[in-house]
Amino acid sequence: MTDLPNIRLPVDLKPTDGRFGSGPSKVRVEAVERLAATGKTLLGTSHRRPAVVGLVEKLRDGLGDLFSLPDGYEVLVGLGGATAFWDAATFSLIERRSQHVVIGEFSSKFAAAVSGAPHLETPEVIQAEYGHVERPVASDEIDTYALIHNETSTGVMVPIERPATDGLVVVDATSAAGALPVDPHQFDAYYFSPQKAFGSEGGMWAALCSPAAITRITELTGGDRWIPPFLDLGIALTNSRKNQTYNTPALATLALFVDQVEWMNDSGGLTWATERCASSARTIYGWAEAAGYAQPFVTDPDARSATVATIDFDDSVPAAEVSGVLRANGIVDTESYRKLGRNQLRIALFPAIDPHDVEILTAAIDHIVERL
Ligand SMILES: *Cc1c(COP(=O)(O)O)cnc(C)c1O
């Protein structure tokens, strides 16, 4: 993009915060300030000591409250993000054969990671056309159903419903957890990284695990299978129960994560957070449907994500130029997912993002498109 048109947005078309990235996503300034205010008391202190153990405890308790976890469910934490959790699940959750509902790049990556595992059978893959939804199919051959609650690459959301079978339901909730409604009875492991709806930094994963998932983990990790310790969810379970991680965590990630969970719980919990995202979603999709030059990429209104909106532009409006001008005006990370290769903007609607800022953003886009 060498010759971007020089369009300056007037002040009333500038959101109070210009971060609309789908991950890393907006980290609340108040949370960063509270972290900075810990000064000499947190960063640079031992992760085995009370201040830090207290953070992990607050995180696990806070997530339990936020998701109203039923008795027997436990919150596991570990390092390496959702990507590391895919490998951990390959060793510690899938017994023999998994089924993967693939609706975009992230769900396809988990399927690919499992496909190479010598100790597992070739997984079954149910592949959707990108922009659309598919559902798992109950089967006697399958012991683990790998679902995704929100596909960040395409902006498609799928309600989490257990297939009629006793296989484990393992859900990538990285861009859904804390922003979309979910019933814990419908999943066995609901895992995510904190740099999306939890407005923190990357490098960690959290997994909400049902008693059935805990049993599977205990059996597989206590058996004959060779498991790299870093990917051993049995070790993660033991450490999580002591409110620690197996190896050294990023304390800043942890502190920002706890801050966001407490902010959500104090503001009205998951219902509040999901309604905030739904309100931003009504704004953005309503605007796109009314705009003469844009439309939601996802045709089924029920599948349009309330956390990551993908908006296609007519060929006459180059989306890369629009996101470039937005960026020049301090509104960043609205570019589409590169591998999807569409003339599109992708706009995050996570709880940290003020719904009013989403309204301003749509007006800013109109203003730019009129002047291209
Ligand atoms: C971002 C993302 C991931 C990868 O998360 P990392 O923390 O980078 O490992 C996986 N799944 C989904 C749905 C995501 O949005």
Side-chain angles (χ1 to χ4, degrees), residues 19-27 59 76-90 93 98 100-114 125 127-128 130-131 133-134 145-160 169-180 182 187 189-208 230-231 233 236 245 247 249-250 252-254 256-257 260 277 297-298 303-310 333-340 346-353:
R19 292 173 292 174
F20 292 95
S22 301
S25 69
K26 173 180 168 185
V27 181
L59 177 65
L76 273 60
V77 290
L79 304 189
T83 305
F85 193 84
W86 292 331
D87 292 332
T90 302
L93 276 172
S98 51
H100 298 254
V101 178
V102 171
I103 63 169
E105 287 299 320
F106 288 104
S107 36
S108 90
K109 281 187 183 174
F110 186 19
V114 172
V125 173
Q127 171 85 49
Y130 283 6
V133 166
E134 278 290 351
Y145 295 84
L147 313 184
I148 188 163
H149 197 176
N150 188 75
E151 177 49 75
T152 323
S153 65
T154 56
V156 168
M157 64 180 183
V158 202
I160 295 305
V169 175
V170 173
V171 183
D172 182 349
T174 302
S175 60
L180 298 183
V182 72
F187 62 70
Y190 190 77
Y191 63 91
F192 46 93
S193 310
Q195 75 276 22
K196 314 263 166 115
F198 287 101
S200 176
E201 290 267 82
M204 269 188 80
W205 55 258
L208 319 179
F230 188 70
L231 304 175
L233 292 178
T245 50
N247 63 319
T253 299
L254 201 48
L256 293 169
F257 196 171
Q260 180 85 343
C277 298
F297 166 54
V298 180
R304 288 175 190 158
S305 169
T307 65
V308 175
T310 45
D333 302 336
T334 60
E335 291 83 4
S336 78
Y337 191 78
R338 195 176 38 82
K339 279 201 195 153
L340 201 58
R346 186 173 63 143
I347 295 157
L349 314 169
F350 293 130
I353 292 166

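Hydrogens, waters and symmetry mates play no part in the numbers below; they use all other heavy atoms, side chains included. Remember, it's 1-based here, ligands and their atoms both numbered in the order they're listed. All values reported here derive from a predicted model rather than from experimental measurement.
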Close-contact set for ligand 1 against T152 heavy atoms, below 4.0 Å: 12 (C), 13 (C), 14 (C), 15 (O)
Just by modelled atom types, is the F350 backbone N or O under 3.5 Å from a matching donor or acceptor in the T307 side chain? no
Distance from F110 atom CZ to Y191 atom OH, nearest 0.5 Å? 5.0 Å
Taking both backbone and side-chain atoms of A82, is any N or O found less than 3.5 Å from an N or O belonging to ligand 1? yes
Under the 3.5 angstrom rule, does the side chain of S305 hit a backbone N or O of V156 as a donor-acceptor pair? no
Is W205 close enough to touch ligand 1? Criterion: a residue heavy atom under 4.0 Å from a ligand atom. no
Ligand 1 contact by Q195, heavy-atom criterion under 4.0 angstrom: yes
Of the backbone atoms (N, CA, C, O) and the side-chain heavy atoms from C-beta on, which set of K109 has a member under 4.0 Å from an atom of ligand 1: side chain, backbone, both, or neither? neither
Determine whether the side chain, the backbone, both or neither of W86 has a heavy atom under 4.0 Å from any heavy atom of ligand 1. side chain
Can you check whether H149 and Y190 have ring centres sitting under 6.0 Å from each other? yes
May I ask you to identify the nearest protein heavy atom to atom 5 (O) of ligand 1, giving residue, atom name and distance to one decimal place in Å? S193 OG, 3.5 Å
Hey, does the side chain of S200 reach the backbone of T253 with a donor-acceptor pair shorter than 3.5 angstrom? yes
What do you reckon, does D172 have a nitrogen or oxygen under 3.5 Å from a nitrogen or oxygen of ligand 1? yes
At under 4.0 Å between heavy atoms, is it the side chain or the backbone of T83 that contacts ligand 1, or both, or neither? both
Report yes or no: does R304 contribute a side-chain atom to a donor-acceptor pair with the main-chain N or O of M157 at less than 3.5 Å? no
Donor-acceptor check, side chain of Q260 to backbone of A197, threshold 3.5 angstrom: yes or no? yes
For atom 14 (C) of ligand 1, what's the nearest protein heavy atom and its distance? K196 NZ, 2.9 Å
Judged by atom type as modelled, is there a donor-acceptor pair below 3.5 Å linking the side chain of S175 to the main-chain atoms of N150? yes
Taking only heavy atoms of I148, which atoms of ligand 1 are found under 4.0 Å from at least one of them? 13 (C)
